[in-house]
Every structure is written in C-alpha cells, then in structure tokens.
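To start, the structure itself, in structure tokens.
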There are 2 protein chains.
Amino acid sequence: MFELPTTIPIQVNSNLYLKDPNSSDLGVKIVAKSIDMINAIGYEEFTIRKLAQAINSTEASVYRYFESKQKLLLYLISWYWSWMEYRLVFATTNISSAKVKLERAICLITDKIDVDEKYNYINLKKLNSIAFTESTKSFLHKEVDKENKIGAYSEYKNFVEKVSDLVLEFNPKYKYPNMLISTVIEGAHLQHHFTDHLPRLTNASSNDNHIQQFFTDLVFKSIITTKK
Amino acid sequence: MFELPTTIPIQVNSNLYLKDPNSSDLGVKIVAKSIDMINAIGYEEFTIRKLAQAINSTEASVYRYFESKQKLLLYLISWYWSWMEYRLVFATTNISSAKVKLERAICLITDKIDVDEKYNYINLKKLNSIAFTESTKSFLHKEVDKENKIGAYSEYKNFVEKVSDLVLEFNPKYKYPNMLISTVIEGAHLQHHFTDHLPRLTNASSNDNHIQQFFTDLVFKSIITTKK
DNA sequence: GCATTTATGATAGTATTGCTATTATATTTG
DNA sequence: CAAATATAATAGCAATACTATCATAAATGC
C-alpha cells in the first residue's frame with residue numbers, strides 16, 4: 001500500500017472533543033485504547049469506565065477529553081474519513097483516467113485493511129474494522145440533526161463528495177452520484193459484516209474479493225453512457 | 001395498495017418471544033405500544049419501563065413476553081419481513097414477466113409507507129419507519145451469531161432469497177443476486193434517512209421518488225445481459 | 001360451584017451505565 | 001519558587017436492563 005508521511009496531521013472537527021487528544025499522553029492513550037476496545041468488544045459493550053481502567057486512569061479524566069461516549073465514536077469515525085480522504089488523494093493524484101481514479105476509489109472503499117499498520121498511534125486495521133461495523137451507529141439515532149449542526153459528519157460528507165466528483169468526471173450527466181457513492185460505502189460495510197455473520201445475504205466469502213468486484217461492476221454499469 | 005385478508009396470521013419465529021404476544025390483550029398492547037414508542041423516540045431512548053408505564057402494566061409483566069429489549073426489536077423486525085414477504089407474494093402472483101415482478105419488488109423495498117394503515121393492531125406505517133431506521137441495530141453487534149443460530153434473521157433472509165430468485169429469473173447468469181438485493185434493501189433504508197437528515201449524501205428530496213428510480217436503475221443496469 | 005391453574009400487578013432489588021462534582025496531588029510553566 | 005494546569009481519587013446520582021417474590025385476579029377443569 002502507500003506510505004503516508006506521518007507528520008501531516010489528520011484534521012478532525014474540534015467540536016467533537018473538549019480537549020485535543022493529540023495534545024497529551026493521556027489523550028493519545030484514550031484514543032488508542034478506545035480503538036482497541038471498541039474493535040474487540042463492540043460499541044455497546046464498550047464503556048468509559050472499562051476504558052479508564054484499561055489505561056490506569058479515571059472516568060472523570062476521560063470525560064475531560066470527550067464529553068460523551070457518542071462524541072468519542074464520532075471523533076474516531078471522523079478521523080477515519082479524514083484519513084480516507086487523504087488516502088484518496090494519494091491514490092488518485094497524477095492519474096488522468098477518470099475510470100482508473102474511480103476504480104481505485106472503489107477499492108479504497110470496499111477493501112478491508114488486513115495489514116496491522118499504524119498511523120502514529122492509531123491502529124488502522126482496527127479503526128477500519130470499527131468504521132465498517134459501528135459507523136452507522138454514529139448517525140442512526142434521534143440526535144443526528146443536532147450532531148450534524150456541529151459538523152460531526154463533515155469529514156464523511158467531504159469524502160462522499162470527492163468520490164462523487166470522480167463519478168461526474170467519468171459521466172457528467174449521471175443524476176445520482178452522491179446516492180451511488182454513499183450506497184457503495186455503506187453497502188460494502190454491510191456486505192463484509194454479512195460475509196462474516198449472515199452469509200445467506202451475500203454471494204461472497206472471506207477469501208475472495210467478490211465485494212470489490214460486485215461494487216465495481218455495480219458502479220460502472222450504472223454510470224456508463226449508453227447510446228439509445 | 002393491496003387489501004390483505006387480516007385473518008391470515010403473520011408468522012414470527014417463536015424463539016423471539018417467551019409467550020406469544022398474540023395470545024393475550026397484554027401481549028397485543030406490548031407490541032402495539034412498542035411500535036408507537038420506538039417510532040416516536042427511537043430504539044435507544046425506548047425503555048421497557050416507559051413502555052410498561054404507557055400501557056399501565058409493569059416491567060416484570062413485559063419481560064414475561066420478551067426476554068429482552070433486543071428480542072422485542074428482533075420480533076418487530078421479523079414480523080416486518082414476514083409481512084413484506086406476504087406483500088411480495090401479492091405483488092407478483094399472476095404476473096408472468098420477470099422484469100415486472102422485479103420492478104414491483106423494488107418498489108416494495110424502496111418506498112416508504114405513507115398511509116396510516118393497520119394490519120390488525122399493527123401500525124404498518126410506523127413499523128415500516130422502524131424497519132428503515134432501526135433494523136441494522138438488530139444485527140450490527142457482537143451477539144449476531146448467537147441470534148442467528150436461533151433463527152432471529154430467518155424472515156429477513158427468506159425475503160432476500162425470494163427477491164434474489166426474481167433476479168435470477170430475469171438473468172440466471174447474474175453472479176451476485178443476494179448481495180444486490182441486500183444492498184438495495186439496506187441502501188434504500190439509509191437513503192431515506194439521509195434524505196431527511198444528511199441530504200448532502202443523496203440526490204433525492206422527500207417529495208420526489210428518486211430513491212426508487214435510483215435503485216430500479218441500479219438493479220436493471222447491473223443484471224441486464226449485454227452481448228460482447 | 002369450588003379448586004386449581006394461569007396471568008397479571010405490586011413492590012423491591014441488583015449490577016451496571018453514562019456522567020458529574022469535589023478535593024487532593026502531581027507536573028508543568030512563568 | 002509561585003501559580004497555573006492536568007490528572008487521580010473518591011463519591012455520588014439518576015437511569016437502565018433485568019430478576020425475584022408474593023399477592024391477587026381471572027380463567028379453567030371437574
């Protein structure tokens with residue numbers, strides 16, 4: 001894969017934290033360990049108390065960085081999309097073909113990370129896994145409008161917008177670029193989950209790359225210009 | 001829409017309840033009121049205590065019907081898919097064209113119910129709304145395998161299978177019918193949510209039927225046989 | 001019509017959760 | 001070396017999911 005220069009920081013909307021976790025050891029531990037734990041036990045079972053114990057700190061200290069468990073999740077997901085946007089730029093610069101750029105974007109979206117790489121202290125494989133299974137929980141609830149107002153989903157929306165632009169570059173007349181890309185993103189996440197747990201809902205297995213093939217096929221067949 | 005004979009019961013896997021809610025007044029009240037409440041305040045804010053108070057009963061009594069809040073949700077979602085399968089049969093019987101059958105199935109999947117109709121005591125509009133926003137919560141957690149074992153998702157899988165069969169009837173060589181249909185189902189749910197709350201992720205608005213059009217277009221372009 | 005089963009209500013309780021408040025103690029900074 | 005800041009320690013609160021116990025009402029069988 002790509003070697004990202006780890007000096008360039010991934011930006012996350014500052015409304016999602018009370019105190020920047022990058023600014024201290026404790027902040028770093030909170031983020032790193034929460035990724036470990038959410039990945040291991042899932043968002044529902046994950047608690048701030050368990051997190052605090054795991055890093056030899058206290059609940060009160062964690063709450064000085066993140067005002068709620070939900071905000072911590074939003075922070076992680078936002079970080080993920082910010083990083084994905086970064087990867088997208090790397091995967092598409094200096095490439096002229098709109099088709100190739102879009103193909104690469106779809107791979108980025110649909111492939112699970114299977115190497116245990118890190119970006120600074122962030123375990124990317126685990127964060128990727130969290131994004132796949134927990135990200136819908138960041139917007140499928142009654143607080144979505146309130147959180148949207150403070151910009152909690154901007155990184156996600158920016159990413160969708162950028163890939164949608166690639167769709168329009170390929171076919172400027174296609175009517176539903178954003179729907180298509182958000183469908184591919186959320187669909188790919190779910191298909192991975194189904195492959196692991198509800199295989200009757202898929203036609204993929206964990207040792208092929210049918211999910212990537214399916215969505216690539218889906219996108220290009222949808223946006224290709226056909227003469228009538 | 002169709003007039004369904006309300007005498008034919010919708011079957012739900014009996015592992016999802018301790019005591020059949022159809023067998024008593026209290027059971028009926030539990031199910032009817034939980035649909036009202038989950039629709040109104042969302043699954044997270046919904047509690048068994050609030051439900052019990054709303055129907056002038058007690059928590060302990062509710063727990064005699066459903067062993068957990070999660071099982072109650074699974075019951076509602078299963079009921080929904082059982083009902084959807086029923087609607088699918090009605091929408092496709094006596095129709096010979098595979099294309100028309102599939103078109104009708106996609107409408108069934110992608111359209112939100114906007115008439116306040118009931119099936120016995122079940123408010124279908126509200127249940128439909130719950131299925132759209134809460135159903136991923138029934139399988140996106142660490143207990144999914146355990147619940148799958150007791151058949152919690154059979155109605156969902158059966159429905160997907162039936163629509164996938166229509167895909168294969170249209171094009172027997174298409175490789176990913178189940179992935180396509182589960183993607184359309186979950187994708188349509190999300191697109192409706194995005195339309196209402198995160199419109200930058202869509203190209204639809206609440207007063208058009210772009211979601212239906214988008215997914216119909218997506219499906220047929222994906223499965224159409226083209227000569228090379 | 002009476003005994004017995006069954007369904008519900010009333011009440012209480014447990015462990016855990018998300019989150020807050022207060023105070024003490026380190027550590028950094030000026 | 002004083003003052004500001006960050007963290008830990010401890011306690012607590014209201015709410016949650018869920019359980020246990022017992023009393024009472026209603027339905028059922030004979």
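Here is the naming used below: chain letters follow the sequence lines, and residue numbers restart at 1 for every chain.
Comment: A:Arg200 engages B:Glu161 in a salt bridge, judged by a side-chain N to carboxylate O separation of less than 4.0 angstrom. A salt bridge links B:Lys137 with B:Glu44: the closest approach of a Lys/Arg side-chain nitrogen to an acidic carboxylate oxygen falls below 4.0 angstrom. Under the 4.0 Å criterion applied to side-chain N and carboxylate O atoms, A:Lys71 and A:Glu147 are not assigned as salt-bridge partners.
The shortest distance between the side-chain N/O atoms of A:Tyr65 and the OP1/OP2 oxygens of D:dT7 is below 4.0 Å. The side chain of B:Ser24 places an N or O atom within less than 4.0 Å of a non-bridging phosphate oxygen (OP1 or OP2) of C:dT8. At C:dG9, one or more side-chain N or O atoms of B:Ser57 fall inside 4.0 Å of OP1 or OP2 (strictly under the cut-off). Between B:Lys71 and D:dC18 there is no side-chain polar atom (N or O) within less than 4.0 angstrom of OP1 or OP2. At C:dT16, none of the side-chain N or O atoms of A:Lys50 fall inside 4.0 Å of OP1 or OP2 (strictly under the cut-off). Residue B:Lys69 places none of its side-chain N or O atoms closer than 4.0 Å to OP1 or OP2 of D:dT16.
We find that CG of B:Leu18 is positioned 16 Å from C1' of C:dT6, with the value rounded to whole Å. Atom CG in B:Leu72 sits about 11 Å away from atom P in D:dA17, given to the nearest Å. The CD atom of A:Gln70 sits 15 Å away from the C1' atom of C:dT17 (whole-angstrom rounding). With rounding to whole Å, A:Leu51 atom CG is found 12 Å from D:dA8 atom P. The OH-C1' distance, from B:Tyr63 to C:dA10, rounds to 17 Å in whole Å. In this entry the distance linking CD of B:Glu44 with P of C:dC19 reads 13 Å, nearest Å. Between the P atom of C:dT27 and the CG atom of A:Leu26 lies a distance of 14 Å, rounded to the nearest Å. The distance from atom CG of A:Asp25 to atom C1' of C:dT27 is 12 Å, rounded to the nearest whole Å.
Here C:dC19 is the nucleotide among D:dT7, D:dC18, C:dC19 with the atom lying nearest to any side-chain atom of A:Glu59. You'll find that the side chain of A:Arg49 is closest to C:dG18, out of D:dC18, C:dG18, C:dA7. Side-chain atoms of B:Ala60 lie closest to C:dA10 of the nucleotides C:dG9, C:dG18, C:dA10. The side chain of B:Arg64 lies closest to C:dG9, out of C:dC19, C:dG9, D:dC18. With D:dA17, C:dC19, D:dA8 as the choices, the nucleotide that has an atom nearest any side-chain atom of B:Thr47 turns out to be D:dA17. Residue B:Thr58 places its side chain closer to C:dT11 than to any other of D:dA8, C:dT11, C:dT8.
At a threshold of 4.0 angstrom between heavy atoms, the contacts of B:Lys29 with the nucleic acid are absent. Looking at heavy-atom distances under 4.0 Å, B:Phe46 makes contact with sugar-phosphate atoms alone, never a base. Among the protein residues, B:Asn56 comes within range of the sugar-phosphate backbone only, with heavy atoms under 4.0 Å from sugar or phosphate atoms but none that close to a base.
In terms of modelled atom types and a separation under 3.5 Å, the side chain of B:His192 and the main chain of B:Thr110 share a donor-acceptor contact.
The cationic atom of A:Lys69 (NZ for Lys, CZ for Arg) lies less than 6.0 Å from the six-membered ring centre of A:Tyr43 and within 45° of the ring axis.
The aromatic rings of B:Trp83 and B:Trp79 lie parallel to each other, with less than 30° between the two planes, well short of the 60° mark.
Between A:Glu45 and B:Ile55, the residue anchored nearer the 5' end of DNA chain C, judged by the nucleotide with its closest heavy atom, is B:Ile55.
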